[in-house]
Amino acid sequence: MSVVSIEREGEIAVVTVDNPPVNALGQALRQGLWDAVATLDADPDVRAVVLICAGRTFIAGADVREFGKPPVEPHLPDVVNRIEGAVKPWVAAIHGSALGGGFEVALGCRFRVALDGASVGLPEVGLGIVPGASGTVRTPRVAGAAAAVDLVTTGKPVKAAKAQAMGLVDAVLSGDLREGAIAFARAALEAPLPLPASERPVTDPAAAFWAEQQAAVAKRAKGEAAPLSALACVQKAVQAPFAEALAFERATFLDLRGSDQAAALRHVFFAERAAPRPAHLGEAKPLPLRNAGVIGGGTMGAGIAAALRDAGLPVVLIERDAEALARGLANLQTIFDGGVKRGKLTPEQAAARMAGVTGATDYAALADTDLVIEAVFEEIGVKRAVFADLARHCRADAVLATNTSYLDPRAIAEGLANPGRFIGLHFFSPANVMKLLEIVPTPETAPETLATGFALARALGKIPVQAGICEGFIGNRILKRYRAAAEALVRQGVAIAEVDAAMRGFGFAMGPFEAQDLGGLDIAFLQREGARAAGQDVPETLGDLLVRAGRKGQKTGGGWYDYAPGDRKPQASARVAEVLAAAITAGPALDHAAIAERLVGEMAAEGEAILAEGIALSPSDIDLVEIHGYGFPRWRGGPMHYTARKG
Ligand code: 3HC
Ligand code: NAI
């Protein structure tokens, strides 16, 4: 079947695009649109054309799968120009999302109408590129320079109503889009046609505007190339004739398309879409998820409960006594209040979130719960007692999950009558914000329990990654190696601040030592002490020396750095130099690039070990863990992609 079909409604032709799943602009679709213009221009009975899409969305962009290959004709900019140059005016009828090349096709149309709730945007920067088919050139001509800068440098789509206010679409419709668009086209033929986008005048803002935008975009981009290139394209578009700006945009697009950053971002794009539906789940069906229980209302329990409420699930929160329950509920309230302060929730929504939480100290409240997630103290005895209680009170088919970071889930599940319904679901702090969910089945976990873990991730909008059982699973195991490698650099004389600066330069928001000061050095210290007490041979770390000297991080006024009271700015510490002096021997100097290469190389090496042991199922899963759980810069693609591409 052809991806483009043409029907007639009297003097209006309807061009329907049907190229599942998202009507991406592969070669066949570009050719189909190209040919449709010729066919309809040649038809004397046609006076206007409605362009509409089948399926879940309008054209969602260029076909990203073609990006690694040489471009094939007809090229998209030519298709868009041809639609704009058609003798009969085209009306784009948008539902779902008109994104990237899809919105550029719409900009080539003389009119754009959108269904209420649809969105339009130019998200190319998210793929490390700029719009390549006039998005940066036509957008300022229909919506002004400031709106165009916003759209192309952030990549954020806008909803129909806002798009109309900005001038990006001409009308917002409700009801039947096809009928509405045909009626719009008929009415439009009664009036003089507006100028095509390429011929509309555009005003160049004052020089100060560009300087301001440059500073703001550079600050946000933190090393990403595409946003600044997109800004340069818009500036060119308002300062040069249309054809010259178009050529500049196309050259920038082609240049970026072959870049390391674009390859990395494409890798992440496809990895994220593959993660929720791993092939090995096969036919296993998830169990219904109508409600959930959370045991423990501390840092993680409250965050997990908030995430469940954000997804609309009623939650029972269990704590060990009334006082702890009050604290747990207060923790949840603080999270929702924060949502209101940041403008993410209305006060009414926050109240509704809270109203959907039932607090209890008695496990009887979990009698009809589909899924329970345990987030109590990281102690095997406490956790086992919790699961014994859960087994007594929950339905036999309820899924029982632990959020443990380091304990062996098999040991936690020991003695459960039905171990098939048990699973590890490892959230990251803050659990209502962080996108990563490590899913840790035991050898006894039933396929439908595993499938339920993945279904939960989808419901919560999280990225699921399956991990095997080892100390720290995927993420914390790599973190341990990363920190050890950072300490090794310090032992050979590299300054603590230089290590942190190097990793910030690489694209992390924080270096490894600043991050430990923020989170606290004592948690990992206590874990090592526990292992030592259990007879394991755990060598002394520099972090141990600091904790023994009373330096647990920002909360004690200092860790790897000193902090002035009330100030979070790390300052080099004479005391730290003193405490660590005996452990440090001067070695060769390393520049920032060499430091980052070393540390990322260590992460990738641990990743290789994890793959070899079957703890992770694919390199791209490891990349997702690092990007969504540990702040690895997305535009570097994750440690496995980065290291493989470097060869
Ligand atoms: N090219 C190729 N495949 C694409 C694609 C694209 N642009 N966009 C989505 N897909 C594929 C996905 O890989 C996925 O495939 P799978 O089922 O085999 O895993 C399938 O379509 C469905 O995608 P989602 O799971 O993301 O579907 P949703 O319904 O959740 O979301 C969407 C739909 C909002 C359209 C979302 O897919 C999306 O944001 N897509 C990317 C849009 C984009 O970035 N467009 C710009 C492309 S660059 C460009 O246009 C350059 C131009 O300026 C020249
Ligand atoms: P926390 O100390 O903040 O909270 C634990 C809560 O459990 C407390 O409110 C406590 O009152 C409650 N509790 C203890 N015993 C209980 C019982 N028998 N019944 C009901 N409630 C009980 O601890 P946090 O940080 O929330 O950690 C919880 C779990 O999550 C641990 O297993 C931890 O390893 C894991 N985790 C922690 C992360 C973090 O960044 N803090 C990240 C990922 C996992």
Side-chain angles (χ1 to χ4, degrees), residues 19-26 55-67 71 75-77 80 96-105 119 121-136 152 155 157 249-250 253-254 257 262 265-266 269-270 272-277 294-304 317-321 323-325 327-328 331 360-361 363 373-386 389-390 402-407 412 424-431 434 436 438 458 473 475-476 519-520 523 527 629:
N19 188 26
V22 297
N23 295 313
L25 284 154
R56 73 224 243 194
T57 180
F58 190 78
I59 301 168
D63 189 335
V64 180
R65 286 169 212 277
E66 288 184 353
F67 279 10
H75 303 306
L76 190 57
V80 175
S97 314
L99 298 177
F103 186 55
E104 291 172 312
V105 166
S119 47
L122 294 164
E124 282 87 343
V125 288
L127 290 164
I129 54 175
V130 297
S134 83
T136 67
V152 303
E249 179 200 69
R250 188 70 181 167
F253 166 80
L254 290 174
R257 201 175 80 152
L265 287 162
R266 278 200 298 280
F269 176 88
F270 287 116
E272 284 174 348
R273 279 162 179 79
R277 310 172 198 91
V294 177
I295 318 294
T299 309
M300 292 309 289
I304 294 167
L317 180 69
I318 302 267
E319 261 288 357
R320 49 197 167 137
D321 54 42
E323 208 178 304
L325 179 59
R327 268 200 310 273
N331 289 341
T361 53
Y363 284 71
I373 302 169
E374 165 276 312
V376 303
F377 299 139
E378 185 78 339
E379 287 170 33
I380 186 73
V382 180
K383 292 208 191 270
R384 273 206 190 134
V386 165
D389 272 337
L390 290 175
T402 177
N403 181 48
T404 185
S405 308
Y406 290 100
L407 297 173
I412 298 174
L425 294 176
H426 185 219
F427 290 78
F428 289 72
S429 182
M434 297 296 281
L436 178 64
E438 279 184 332
R458 278 199 295 280
F473 311 125
N476 282 340
I523 302 168
Q527 201 221 334

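For the single chain, residues carry numbers from 1 onward in sequence order. All values below come from the heavy atoms of this structure, side chains included, with hydrogens, waters and symmetry mates left out. Order of listing sets the numbers, starting from 1, for every ligand and every atom in it.
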Notebook entry, point to check: Under 4.0 Å from ligand 1, counting heavy atoms only, is it the side chain of A62, its backbone, both or neither?
Noted result: both
Short N or O distance, [X] and ligand 1, threshold 3.5 Å exclusive:
{"X": "A24", "value": "no"}
{"X": "V64", "value": "yes"}
{"X": "G101", "value": "yes"}
{"X": "T57", "value": "no"}
{"X": "A60", "value": "yes"}
{"X": "A133", "value": "no"}

Could you check [atom] against the protein and tell me its nearest heavy-atom contact, residue, atom and distance included?
{"atom": "atom 23 (O) of ligand 2", "result": "T299 N, 4.7 Å"}
{"atom": "atom 15 (O) of ligand 1", "result": "R65 NH2, 3.7 Å"}
{"atom": "atom 2 (O) of ligand 2", "result": "F377 CE2, 3.5 Å"}
{"atom": "atom 9 (C) of ligand 1", "result": "V22 CG2, 3.5 Å"}
{"atom": "atom 9 (O) of ligand 2", "result": "E319 OE2, 2.5 Å"}
{"atom": "atom 24 (P) of ligand 1", "result": "R273 NE, 3.8 Å"}
{"atom": "atom 19 (O) of ligand 1", "result": "R277 NH1, 3.9 Å"}
{"atom": "atom 34 (C) of ligand 1", "result": "S97 OG, 4.0 Å"}
{"atom": "atom 30 (O) of ligand 2", "result": "N403 ND2, 2.9 Å"}
{"atom": "atom 27 (O) of ligand 1", "result": "R56 NH2, 2.9 Å"}

Item checked: Heavy-atom nearest option to atom 39 (C) of ligand 2, drawn from H426, E323, M300 -> M300
Notebook entry, point to check: Considering only heavy atoms, which of T404, N476, V376, I295 lies nearest to atom 31 (C) of ligand 2?
Noted result: V376
Next item on the list: Determine whether any heavy atom of A375 lies closer than 4.0 Å to an atom of ligand 2.
Entry: yes
Over all heavy atoms of both residues, which pair between [X] and [Y] is shortest? Give the atoms and the distance, please.
{"X": "S429", "Y": "M434", "result": "O-CG, 3.3 Å"}
{"X": "N331", "Y": "G297", "result": "ND2-O, 2.7 Å"}
{"X": "L122", "Y": "P131", "result": "CB-CG, 4.1 Å"}
{"X": "R266", "Y": "R257", "result": "NH1-O, 3.4 Å"}
{"X": "P123", "Y": "G100", "result": "CD-N, 3.3 Å"}
{"X": "I523", "Y": "G519", "result": "CD1-O, 4.0 Å"}

Find all atoms of ligand 2 within a distance of less than 4.0 Å from any non-hydrogen atom belonging to [X], and give their numbers and elements.
{"X": "V386", "answer": "18 (N)"}
{"X": "S429", "answer": "40 (O)"}
{"X": "K383", "answer": "31 (C), 32 (O)"}
{"X": "S405", "answer": "33 (C), 34 (O), 35 (C), 36 (N), 37 (C), 43 (C), 44 (C)"}
{"X": "G296", "answer": "7 (O), 12 (C), 21 (N)"}
{"X": "G298", "answer": "3 (O), 4 (O), 6 (C), 9 (O), 26 (O)"}

Next item on the list: Would you sort out whether N23 and F58 count as a side chain to side chain contact (heavy atoms under 4.5 Å, CB included), showing the intermediate values?
Entry: CA-CA 7 Å; N23 295 313; F58 190 78; over 6 Å; no
Notebook entry, point to check: Could you go step by step and tell me if V130 and E124 meet the side chain to side chain contact (heavy atoms under 4.5 Å, CB included) rule?
Noted result: CA-CA 5 Å; V130 297; E124 282 87 343; 5.5 Å; no
Notebook entry, point to check: Heavy atom under 4.0 Å from ligand 2: found in F427's side chain, backbone, both, or neither?
Noted result: backbone
Item checked: Part of V382 within contact of ligand 2 (heavy atoms, under 4.0 Å) -> side chain
Out of all atoms in ligand 1, which are within 4.0 Å of some heavy atom of [X]? Include the element for each.
{"X": "G100", "value": "46 (C), 50 (O)"}
{"X": "E104", "value": "52 (C), 53 (O), 54 (C)"}
{"X": "G61", "value": "45 (N), 50 (O)"}
{"X": "L99", "value": "39 (O), 42 (C)"}
{"X": "E124", "value": "48 (S), 49 (C), 50 (O), 51 (C), 52 (C), 53 (O)"}
{"X": "L127", "value": "44 (O), 47 (C), 48 (S)"}
{"X": "D63", "value": "1 (N), 2 (C)"}
{"X": "P131", "value": "53 (O)"}

Margin query: Between R250 and G132 (side chain of the first, backbone of the second, donor and acceptor by atom type, cut-off under 3.5 Å), is there such a pair?
Written below: yes
Next item on the list: Kindly state if atom 31 (O) of ligand 1 has a protein heavy atom within a strict 4.0 Å cut-off, that is, under 4.0 Å?
Entry: no
Check: Any protein heavy atom under 4.0 Å from atom 6 (C) of ligand 1?
Finding: yes
Margin query: Using a 3.5 Å cut-off on N or O atoms only, is R327 in polar contact with ligand 2?
Written below: no
Margin query: Any nitrogen or oxygen of E378 lying under 3.5 Å from a nitrogen or oxygen in ligand 2? Just yes or no.
Written below: yes
Notebook entry, point to check: For P21, is the nearest heavy atom under 4.0 Å from an atom of ligand 1?
Noted result: yes
Margin query: side chain to side chain contact (heavy atoms under 4.5 Å, CB included) for E378 and T404? Distances and angles first, verdict last.
Written below: CA-CA 7 Å; E378 185 78 339; T404 185; 2.9 Å; yes
Taking the side chain as every heavy atom from C-beta outward, state whether [X] and [Y] have any pair of such atoms under 4.5 Å apart.
{"X": "N403", "Y": "H426", "result": "yes"}
{"X": "V125", "Y": "V152", "result": "no"}
{"X": "L25", "Y": "D63", "result": "no"}

Next item on the list: Walk me through it: do I295 and L390 pass the test side chain to side chain contact (heavy atoms under 4.5 Å, CB included)?
Entry: CA-CA 10 Å; I295 318 294; L390 290 175; 4.0 Å; yes
